[in-house]
Amino acid sequence: MDLALSPEFETFRAEVAALLTANADKAPTSADRGMKHPKRLAWQKFLIEHGLTARTIPTEYGGYGAAPDILQSRIIAEEFAKSGLPRGLAGQGISMLVPTLLELGTDQQKADWIAPTLRGETIWCQGYSEPGSGSDLASLTTRGEIDGEDYVINGQKIWTSTAKQADMIFCLVRTEPDAKKHHGISYLIFSMDTPGIEIRPLVDMTGAANFNEVFFTDVRVPRSQIVGEPGKGWQVANATLTHERGMLGDPNAAEARLLAIAELMKTETLNGAPLIDNPLLRDRLIRLQAEVYAMQANGLRVMTARLKKESAGLAGLIVKLQGCELNHELARLAIDALGELGVLYGETPYIKDNGSWQWRYMYDLGLIIGGGTAQIQKNIIAERGLALPREPRLAKA
Amino acid sequence: MDLALSPEFETFRAEVAALLTANADKAPTSADRGMKHPKRLAWQKFLIEHGLTARTIPTEYGGYGAAPDILQSRIIAEEFAKSGLPRGLAGQGISMLVPTLLELGTDQQKADWIAPTLRGETIWCQGYSEPGSGSDLASLTTRGEIDGEDYVINGQKIWTSTAKQADMIFCLVRTEPDAKKHHGISYLIFSMDTPGIEIRPLVDMTGAANFNEVFFTDVRVPRSQIVGEPGKGWQVANATLTHERGMLGDPNAAEARLLAIAELMKTETLNGAPLIDNPLLRDRLIRLQAEVYAMQANGLRVMTARLKKESAGLAGLIVKLQGCELNHELARLAIDALGELGVLYGETPYIKDNGSWQWRYMYDLGLIIGGGTAQIQKNIIAERGLALPREPRLAKA
Amino acid sequence: MEFALSEDQLMLQSSVQGTLENVSSLDHVRRVAAGEHEVTGAINAALAELGLAQLLIPETHGGLGLGALEAALVQEALGFAVSPAAFLASALATEAIKSAGTEAQQSQWLPAINTGTVRMAAALTETVSTREGAGLVAENGHLTGKTLFALEADTATHLLTADTAGGLHLVDLTAPTITQSPLETIDQTRRYTELVFDKTAAEPLGQNGAGSPALQRTLALGRILLAADTLGACQNMLGKAIAYAAERKQFGRVIGSFQAVKHMCAEMAAKLEPARSLVWHSAYLFDTEPEKAALMACLAKSHLSEVGTFVARTSTEVHGGMGFTDLVGLHYWFKRIGANRQWLGGPEILRAEAARLQGWA
Amino acid sequence: MEFALSEDQLMLQSSVQGTLENVSSLDHVRRVAAGEHEVTGAINAALAELGLAQLLIPETHGGLGLGALEAALVQEALGFAVSPAAFLASALATEAIKSAGTEAQQSQWLPAINTGTVRMAAALTETVSTREGAGLVAENGHLTGKTLFALEADTATHLLTADTAGGLHLVDLTAPTITQSPLETIDQTRRYTELVFDKTAAEPLGQNGAGSPALQRTLALGRILLAADTLGACQNMLGKAIAYAAERKQFGRVIGSFQAVKHMCAEMAAKLEPARSLVWHSAYLFDTEPEKAALMACLAKSHLSEVGTFVARTSTEVHGGMGFTDLVGLHYWFKRIGANRQWLGGPEILRAEAARLQGWA
């Protein structure tokens with residue numbers, strides 16, 4: 001065990017830090033609204049050119065072309081966190097579609113889509129879940145019927161974030177209705193401007209429309225716009241779902257949240273005394289601190305396994321379940337500590353941290369549910385991690 | 001809602017209290033060891049004669065013959081608790097066999113067994129569970145084959161308390177192996193002196209043998225010693241299982257436990273200060289106090305339903321699950337409050353309350369598991385109380 | 001001995017619940033949340049016909065002369081419907097006037113509340129938890145300072161409040177020396193405001209000083225009612241979870257046939273039933289054994305807050321993604337339970353007070 | 001950057017585990033619990049060949065010069081096997097002598113521990129929680145008073161202890177001024193005693209006074225090792241639960257196919273994996289960043305205690321009635337986890353100390 005970084009990495013860290021400091025003025029701010037604001041696109045271009053994002057994507061597809069190196073990625077992430085500057089773009093196009101195309105796309109698809117996606121010029125959304133297909137995603141029913149050289153798509157998707165902003169969608173469609181559930185699905189990519197697409201914002205408990213519903217009525221998509229083979233869409237999608245699951249439960253985010261609560265408890269008062277003086281709140285804080293540190297150390301274990309190209313096993317399987325739960329509990333502590341002030345929400349006097357604790361408390365509950373509910377996660381841990389039997393098949397009713 | 005007792009009941013209470021005070025010298029003490037110690041049997045006789053136990057059993061079977069009255073029963077229980085005197089006997093013969101015989105026994109069986117059981121002269125044990133049949137009790141395999149006028153019994157029972165002291169056993173035996181699982185079981189009663197019975201004490205985590213295993217090898221039991229019809233033993237047993245479930249989770253016991261912990265926390269010290277001064281221990285105590293009060297009030301609701309001969313519904317179904325859990329948590333608090341002293345066990349210096357907190361912590365875990373595990377209880381609550389579907393039938397492997 | 005609701009009590013609750021189904025449905029709640037405050041007015045008018053404002057007013061002053069148990073049953077129905085209806089603040093003010101007011105004050109104020117010519121708000125936050133330098137100082141019949149989370153002050157004519165020494169006061173809300181600012185919370189079914197007083201005229205109730213029994217009794221009622229509100233909200237969330245679990249299919253079967261979902265529902269029910277018994281018992285003791293009221297109220301509200309947090313989350317989880325959206329509106333209950341948890345003392349504060357009341361701290 | 005065990009570390013742990021499988025099986029544990037203390041002697045002898053007593057002794061004194069991480073891995077193996085083997089007390093004494101002892105003391109004691117001519121016990125209970133009027137007062141090179149829960153004092157030659165001012169001392173246990181009485185606990189795999197001193201000669205370690213850094217460091221090591229012991233015990237309980245769930249049939253199927261049982265196992269694993277990472281990290285920082293050791297030790301032990309309570313109970317529940325009996329012996333692990341929870345500070349005490357260490361109290 002050795003948690004120190006070797007000197008070459010410390011050098012790399014210094015270079016990254018220097019680069020960010022020297023170019024901080026180029027970074028967009030929250031005032032530069034809009035996903036395609038020129039300043040945002042310019043910053044993304046700068047980051048790619050200096051290997052601070054899209055680092056391991058081959059240069060022929062518009063990336064920086066470095067060899068994958070988890071430690072370098074971590075150092076970059078840490079230096080961005082220190083600098084407070086905005087990181088490279090990380091929408092679903094970049095995090096999910098690009099890896100999929102790199103692995104399974106045709107040469108033409110790679111050439112067409114990867115570079116503009118990396119540059120932030122082409123924005124993507126994801127069409128996977130449906131109202132009737134949540135945990136049981138493979139039961140999806142949006143159908144694509146062949147008509148000449150096109151698929152004609154009808155059906156509905158849900159939980160589609162950035163649908164309004166997206167240029168393109170990658171979408172799971174049942175193209176072979178007679179095949180078994182996990183077969184007969186195809187992975188199609190098409191423009192959100194295609195006639196027959198309707199987007200309805202989906203307001204959630206936070207009060208915002210973080211997601212959308214997308215309706216398809218006779219949407220025509222050329223058959224060439226398939227990734228992978230017809231009927232193999234489930235397998236194509238699973239490659240990217242793995243990417244999505246890995247993104248959740250960031251232990252450094254949890255530590256930042258912990259420190260923010262500690263700060264809040266030192267500065268806010270109840271009946272004249274700082275909240276941190278309350279032994280009950282303090283006990284809850286320390287209890288969560290131990291869990292945050294445990295998840296952080298667990299993150300180091302998972303990263304080490306990746307460095308060695310080994311499976312992280314159970315340590316990896318539990319990340320989503322434990323990470324989401326921990327973040328939710330941290331938000332709950334902040335709300336309880338603030339008491340009456342903890343329920344303030346919106347633009348209102350006395351609100352703390354812009355109401356982000358309530359927002360997180362609710363949004364994190366969404367994360368506990370989304371991307372594989374806690375119950376599905378426990379099934380996965382038990383079946384894949386502990387080799388307990390799968391849910392047995394039922395007798396026909 | 002009216003929690004006051006009417007004057008007739010207050011009169012009854014005074015009578016019971018006076019009777020107990022006047023006859024306290026008759027009561028056996030813990031020094032009078034042995035279930036059939038003459039002083040114990042005499043006390044039981046006295047209690048029956050005065051309607052303080054076996055109160056509603058008809059006089060022809062040796063009971064007191066009063067009409068059932070839940071409030072009177074409660075008053076008797078409360079006055080015994082106040083007096084500190086030992087209550088009437090409450091072994092499995094009295095609590096489970098007697099109600100069964102009253103409901104389903106032949107006249108001869110009632111005449112033979114109820115009176116000596118009530119008097120404590122005949123002690124019973126229960127032969128239900130088997131090593132392979134716990135939660136799934138109906139899968140029991142101890143078999144009784146007909147041979148002339150006898151059943152010949154072979155198999156094994158487990159979780160049999162007082163097997164060593166018992167004169168008789170009431171026992172579930174599979175007599176019709178080809179019938180469906182819940183059919184083909186018969187309810188037999190026979191002497192523990194019958195040749196072929198072997199008893200092995202079953203030591204448990206408390207260190208004591210609170211239960212036994214009982215082995216049957218060619219045990220011959222006359223066919224007349226069946227209660228109810230052949231093959232209907234499951235239905236016979238279920239009548240008494242209901243009695244057993246009702247016994248668990250006594251909210252007054254939980255309150256006594258709570259008060260004992262509060263007292264402990266006021267008298268014991270940590271680093272010179274009473275434990276009750278520790279805000280964290282105090283917070284746990286109050287949290288459990290609220291739960292104890294909630295269970296007590298719930299007990300009043302259940303009792304009211306019984307008084308009105310209505311079903312208590314969900315309020316009744318949850319008693320075992322919540323009651324056992326609460327008692328376990330109370331013991332856990334006491335142990336944590338005592339810290340190092342909380343793990344003392346056995347005859348040893350500095351032990352508090354004779355180590356009963358550890359004993360209860362473990363024994364209560366046994367209760368959480370026994371008589372329908374927490375998981376089975378949740379199934380029952382969901383299926384019977386909330387009308388959620390039963391576990392679906394599986395496809396043949 | 002009977003621990004059950006009487007016919008009258010059941011009828012009262014079901015008539016309130018029935019009225020709310022008509023006038024305070026989820027659609028109405030959504031409109032109120034969207035800012036249509038006239039909808040609240042219509043709900044209040046419909047409930048006024050049931051005599052809710054008269055409920056706690058003694059018969060000698062023209063009221064119904066009912067007690068905390070009836071009030072809790074009404075509040076439970078309001079929580080069940082997450083109704084924006086006014087009730088809680090008026091109940092607190094009525095109790096305060098009954099407990100602390102002189103005979104003359106009672107004769108002046110109670111009939112006015114009874115007939116609706118006076119509508120009461122309540123601002124007691126700082127008697128439990130003082131934050132942001134809030135608190136009202138009383139001097140020569142005037143109050144100065146600020147109080148946060150005044151309930152229903154924007155539509156009431158008068159206010160019940162307390163000074164930093166614990167004395168109770170009635171204030172005319174039309175006084176020009178009062179500045180009122182809305183405080184937006186997650187719970188859009190209740191209206192809270194900040195009130196700033198600058199030598200505002202106030203009528204002290206009785207001759208009570210710091211920590212007066214009347215203040216404690218008023219707080220106890222408030223806590224019992226908030227516990228009842230959470231109970232009703234939880235009951236609805238449980239019912240919705242069961243209904244969804246029995247209907248929603250995944251993997252070819254209703255999700256309620258999966259043991260994980262089944263047990264989530266069972267755990268909610270197992271916590272909720274004893275909690276219901278505790279709320280009833282607390283309210284009953286408030287009326288019959290006043291010396292137990294303060295303790296029982298602390299226990300009831302802290303316990304219901306913990307149960308509420310569990311049920312709010314678990315029901316949402318049973319609903320899966322649907323629970324997270326606005327489509328089924330489950331979040332209105334989730335947020336009401338969340339807001340109830342904090343007002344008049346969060347669980348930790350209440351348990352500490354329960355310990356003090358028993359001489360354990 | 002590597003957060004994983006080295007080959008050497010894995011080998012050390014597996015050799016200890018392998019030896020324990022042979023010499024410290026459940027059968028051996030049962031015999032020890034039944035009073036056959038010579039079995040413990042045989043286990044200790046077998047482990048001595050692996051150099052456990054030398055583990056933390058610096059190479060300059062003839063030892064292996066390994067650190068807290070290696071000690072934690074050994075302790076985890078001991079917990080996994082609920083082994084009665086002596087290790088913890090000796091490790092604490094070694095650390096105390098290294099941290100607090102003068103050069104002369106180190107040269108005197110460490111080689112003696114290394115060769116086994118001195119076997120150390122440890123009595124530090126009152127530095128954390130004083131109960132029953134315990135505590136040792138130091139005066140003129142003598143200790144007077146009593147100390148509870150001295151570990152392994154019945155078989156050791158010498159004792160590490162602390163006075164009420166926090167100073168560390170070494171005591172010859174053969175002194176006639178010492179009265180030793182056994183303290184029976186639920187955990188029959190460890191031997192605790194009460195020691196009463198009456199002007200017993202004691203050698204102060206170094207010149208440390210109250211709250212010395214050496215005492216804090218010794219306690220930190222003890223807490224990390226107890227956390228590691230609980231980790232090992234939990235790992236075994238989880239493994240046993242999974243094996244039982246995969247084999248035990250009820251209702252015509254293995255119980256591990258029921259979602260309720262499956263999720264109980266998943267929840268144990270989900271808590272245990274990060275807990276393992278925390279134990280490793282704490283031990284690593286003890287060796288590499290001493291200023292973080294005290295905090296990390298408090299967090300590790302309090303967290304493992306909570307996880308341990310959950311796993312001990314849940315594994316027992318998965319085993320159903322079998323878990324409650326002595327037949328599978330699961331209770332030895334259950335009780336060891338329970339005892340670990342309380343010694344050198346229960347979770348509440350440790351979290352309060354963690355707050356103090358960060359200036360939060």
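Naming: A, B, ... by sequence-line order, numbering from 1 per chain.
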Chemist: Checking D:Phe258 against chain B: side chain, backbone, both or neither under 4.5 Å from a heavy atom?
Modeler: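 Just the side chain, heavy atoms under 4.5 Å.
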Chemist: Pick one of side chain, backbone, both or neither for D:Val128, based on which atoms fall under 4.5 Å of a heavy atom in chain B.
Modeler: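 Contact with chain B: backbone only.
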Chemist: Honestly, is D:Arg336 close enough over D:Trp333, meaning NZ or CZ under 6.0 Å from the six-membered ring centre and within 45° of the axis?
Modeler: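 Not satisfied by the 6.0 Å and 45° rule.
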Chemist: Check whether B:Tyr350 forms a cation-pi arrangement with D:Arg131 (NZ or CZ under 6.0 Å from the six-membered ring centre, at most 45° off the ring normal).
Modeler: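 Not flagged: D:Arg131 not positioned over aromatic ring of B:Tyr350.
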Chemist: Heavy-atom cut-off 4.5 Å, strictly under: side chain, backbone, both or neither for D:Pro182 against chain B?
Modeler: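 Backbone only.
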Chemist: Which bit of D:Lys335 comes within less than 4.5 Å of chain B, counting heavy atoms only: side chain, backbone, both or neither?
Modeler: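 Just the side chain, heavy atoms under 4.5 Å.
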Chemist: D:Leu148 versus chain B, heavy atoms under 4.5 Å apart: side chain, backbone, both or neither?
Modeler: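 The side chain, not the backbone.
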Chemist: Of all of D:Gly329, D:Gly135, D:Ser129, which one pairs up most often with chain B through heavy atoms under 4.5 Å apart?
Modeler: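 That would be D:Ser129.
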Chemist: Taking salt bridge (Lys or Arg N to Asp or Glu O under 4.0 Å) as the definition, give me every residue that meets it alongside D:Glu317, ordered by chain and number, with sequence neighbours left out.
Modeler: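 D:Glu317 satisfies salt bridge (Lys or Arg N to Asp or Glu O under 4.0 Å) with D:Arg313 only.
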Chemist: For B:Asp204 and B:Asn210, test the side chains for any donor-to-acceptor distance below 3.5 angstrom and give the result as yes or no.
Modeler: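 Result is yes, a qualifying pair exists.
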Chemist: Looking only at heavy atoms and a cut-off of under 4.5 Å, which of D:Thr185, D:Leu327, D:Val261 has the most pairs with chain B?
Modeler: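 Winner by heavy-atom pair count: D:Thr185.
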Chemist: Which one of D:Lys249, D:Glu194, D:Arg248 has the most heavy-atom pairs closer than 4.5 Å to chain B?
Modeler: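 Option with the top pair count is D:Arg248.
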Chemist: Heavy atoms under 4.5 Å from chain D: which residues of residues 155-166 of chain B carry them?
Modeler: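 The list, in residue order, reads B:Ile158, B:Trp159.
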Chemist: Classify the side-chain pair D:Thr316/D:His319 by whether it contains a donor and acceptor separated by less than 3.5 Å.
Modeler: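 The criterion, which ignores hydrogens and geometry beyond distance, is not satisfied for D:His319 and D:Thr316.
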Chemist: Just by distance, no angles: are the side chains of B:Asp336 and D:Gln342 close enough, under 3.5 Å, to form a donor-acceptor pair?
Modeler: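 There is such a pair between these side chains.
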